[in-house]
Amino acid sequence: MAGATVFPMTRNDNNPGGGRNAVTVRGLVKHYGETKALDGVDLDVREGTVMGVLGPNGAGKTTLVRILSTLLAPDSGHATVAGYDVVRQPRQLRRVIGLTGQYASVDEKLPGWENLYMIGRLLDLSRKDARARADELLERFSLTDAARRPASTYSGGMRRRLDLAASMIGRPTVLFLDEPTTGLDPRTRNEVWDEVQAMVGDGVTVLLTTQYMEEAEQLASELTVVDRGKVIAGGGIEELKAKVGGRTLRVRPADPRELSPLAGMLDELGITGLASTTVDAETGSLLVPILSDEQLTAVVGAVTARGITIASITTELPSLDEVFLSLTGHRASAPQDTRPAESREEVAV
Ligand SMILES: Nc1ncnc2c1ncn2[C@@H]1O[C@H](COP(=O)(O)OP(=O)(O)O)[C@@H](O)[C@H]1O
Ligand SMILES: [Mg+2]
């Protein structure tokens with residue numbers, strides 16, 4: 001990073017193969033009393049990409065986001081966002097970032113529209129511009145119908161969308177999303193993913209924290225895995241998935257009697273080159289570990305060729321626990337909710 005002189009960054013800055021860093025973190029350390037929340041974190045996020053920071057509760061994700069958004073000072077190490085130093089240039093930095101926290105930051109008593117208008121005014125927009133921006137973002141996040149209702153009447157998903165809208169008011173070039181879908185039901189979570197993807201399409205750089213491998217896969221191109229304040233793995237999503245054993249293909253034949261012959265056939269084919277297939281009797285399905293799209297195609301091809309009627313074929317990602325187990329040899333350190341996101345229910349608010 002050459003320093004502050006290279007900025008302001010331009011949108012849609014097409015920078016194939018490498019590109020500049022929107023976020024650079026070096027040796028970041030933060031204690032809370034005895035607790036070492038960050039223990040020497042290094043991180044690079046290239047402009048226009050989505051970096052997923054994956055880790056269990058207590059890993060230090062929020063602490064990292066708070067430091068990068070200047071809400072918290074590090075003990076040592078340093079970090080720049082959009083070329084601005086988090087400690088020495090907080091004002092400039094705040095002008096180019098957006099932040100959506102794990103907990104809604106909107107004022108519940110105020111209607112959605114008022115929330116956005118107020119933030120626009122705080123960001124020095126004229127009345128006219130703040131009004132226009134509030135209208136535009138409510139429309140964009142499908143909240144126009146609820147614009148005049150207090151945010152306290154919104155569902156969890158609507159609030160999360162209002163939060164995202166609020167973080168976009170200042171047209172940030174770098175967006176921090178701290179567990180944007182934790183506690184949301186699957187449908188709402190998908191909506192939030194769509195919104196985030198649209199923002200990325202606009203050229204915004206995103207640093208997203210999550211406890212879900214599935215979310216990281218949906219949104220991020222690169223991943224940093226953190227545990228106990230330390231980076232324990234990093235790289236491209238595919239690379240990391242390969243490291244932790246790829247994914248599992250779940251094949252459910254319409255007739256459960258086909259299970260064993262199917263398993264035998266796949267093992268004989270030796271397509272996977274991995275651990276052998278297992279039968280999940282409870283759900284009447286066959287679990288096939290796969291490492292690549294080619295293997296996926298080969299397995300599906302072999303199953304289809306046999307002429308068996310298949311009730312469903314789905315792929316599953318390893319859970320965070322499994323990821324941690326294969327990367328570190330131990331389970332994620334803090335107690336956490338390890339149920340897949342599908343089985344989570346929306347938190348009542
Ligand atoms: N304000 C605070 N005071 C004391 N300890 C804290 C505070 N905030 C976080 N911690 C501790 O720091 C560690 C990292 O927390 P956090 O950054 O919130 O992790 P995550 O967001 O990954 O769940 C945890 O052990 C947490 O208990
Ligand atoms: Mg957190």
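In listed order, ligands and their atoms are each counted from 1. Just so it is clear, the model here is predicted, and its values are computed rather than measured. Nothing fancy with the numbering, it's 1 onward along the sequence. Just the heavy atoms: all of them, side chains too, but no hydrogens, waters or symmetry mates, feed the values below.
Close approach of ligand 1 to N57 (heavy-atom distance below 4.0 Å) involves ligand atoms 23 (O). The distance from ligand 1 to the heavy atoms of P56 drops below 4.0 Å at these ligand atoms: 22 (O). Residue A37 approaches ligand 1 through these ligand atoms, each under 4.0 Å from one of its heavy atoms: 12 (O), 13 (C), 14 (C). Listed by number with element, the atoms of ligand 1 under 4.0 Å from a non-hydrogen atom of A59 are 19 (O), 20 (P), 22 (O).
Two residues are said to be in side-chain contact when any heavy atoms from C-beta on lie closer than 4.5 Å; L54 and E215 fail this criterion. Looking at V225 and V231, their side chains never come closer than 4.5 Å, going by heavy atoms from C-beta outward. Side-chain contact between D39 and R228: absent, with no pair of heavy atoms (C-beta onward) separated by less than 4.5 Å.
Where the criterion is an N or O separation shorter than 3.5 Å, residue side chain and backbone included, K61 meets it with respect to ligand 1.
For D194, there are no salt bridge (charged side-chain N to carboxylate O under 4.0 Å, His left out) partners two or more places apart in sequence or in a different chain.
Of all the heavy atoms of T62, the ones lying under 4.0 Å from any atom of ligand 1 are found in both the backbone and the side chain.
Coordination check, T62 versus the Mg ion (ligand 2): passed, since an N/O/S atom of the residue sits under 2.8 Å.
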I'd like a table of donor-acceptor pairs (distance under 3.5 Å, sequence neighbours excluded) in which one partner is a side-chain atom from residues 125-132, with atom names and distances.
from, atom 1, to, atom 2, distance (Å)
S126, OG, D129, N, 3.0
S126, OG, D129, OD2, 3.4

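Comment: R250 engages D280 in a salt bridge, judged by a side-chain N to carboxylate O separation of less than 4.0 angstrom.
Under a 4.0 Å heavy-atom criterion, G55 is not in contact with ligand 1.
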